[in-house]
Amino acid sequence: MKNIVIPIFLLIVASCSAQRHLTVEELPETWVNLTKTDSGFIHETHYDMGSTFLQIRDSMQVQLIADQSLIVFNIEKYLSSKLNSFECNGEYTFGARLNGEKPENGELRFKWVDKEKEIGLWTIKINKKEVLKEYFTTQDRIKDYPIITTGDE
């Protein structure tokens, strides 16, 4: 049994690496939320609340604008190195700290779903609890998707 466990462990470790990293400034600056349906992606916006946006302000800050609220994350370095992300199975993880009166530990994860169409899956965790896992596209590509407005006028 030991012979099987060790190679599997080594395979998992080898597939995750801080050497294959991504910095937030390498990503498009503004992302707009998409909803996946049976017929493809759509952009849902609420009449009163607007759309959900994720904005990269500079190389060390990401802002989530949702339901007329602003949540700010500062990107932190991993393992006391110069890197601020690591890659595992095509998903990039960024260490982050949630700004506020009581800063909390966070984690931002990004994975290209379709790089050509600029669709990415963003996951946000605060204190190891997943609070958002949504598809986003870039501001330049949002026009490629049907827009559905919900809510009362």
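- In the hydrophobic clustering, Val72 connects to Val32, Leu34, Phe41, Phe53, Ile65, Leu70, Val113, Ile119, Leu121, Tyr135, Ile142, Tyr145, either directly or through intervening members, whenever side-chain heavy atoms lie under 4.5 Å apart.
- In this structure, Leu64 CG and Leu132 CG are separated by 6.0 Å, a value rounded to the nearest 0.5 Å.
- What you find for Gly120 and Phe110 is that their closest heavy atoms are CA-CE1, 3.8 Å.
- For the atom pair Thr37 OG1 and Ile42 CD1, the distance stands at 5.5 Å (nearest 0.5 Å).
- The side chain to side chain donor-acceptor pair (under 3.5 Å) analysis of residues 123-134, with sequence neighbours excluded, yields the pairs Asn33-Glu134, Glu104-Asn127.
- Partners of Asp140 by salt bridge (Lys or Arg N to Asp or Glu O under 4.0 Å), not counting sequence neighbours: none found.
- With sequence neighbours left out, the salt bridge (Lys or Arg N to Asp or Glu O under 4.0 Å) criterion links Glu44 to no other residue.
- Nearest heavy atoms, Arg141 versus Thr137: CB-OG1, 3.4 Å.
- The only member of Ile71, Val62, Thr30 that meets side chain to side chain contact (heavy atoms under 4.5 Å, CB included) when paired with Leu54 is Val62.
- Rounding to the nearest 0.5 Å places OG1 of Thr45 at 8.0 Å from CD1 of Ile147.
- Within the structure, the salt bridge (Lys or Arg N to Asp or Glu O under 4.0 Å) test picks out the following pairs touching residues 108-124 (sequence neighbours left out): Glu91-Arg109, Glu107-Arg109.
- Of all non-hydrogen atoms in Ile56 and Pro28, the two that sit nearest each other are CD1-O, 3.4 Å.
- Every residue two or more places apart in sequence or in another chain was checked for a side chain to side chain donor-acceptor pair (under 3.5 Å) with Ser69, and none qualifies.
- Aromatic ring pairs are classed by plane angle as parallel below 30°, tilted from 30° to 60° and perpendicular above 60°; the pair Trp122 and Trp31 is perpendicular.
- Taking the side chain as every heavy atom from C-beta outward, His43 and Thr35 never approach each other to under 4.5 Å.
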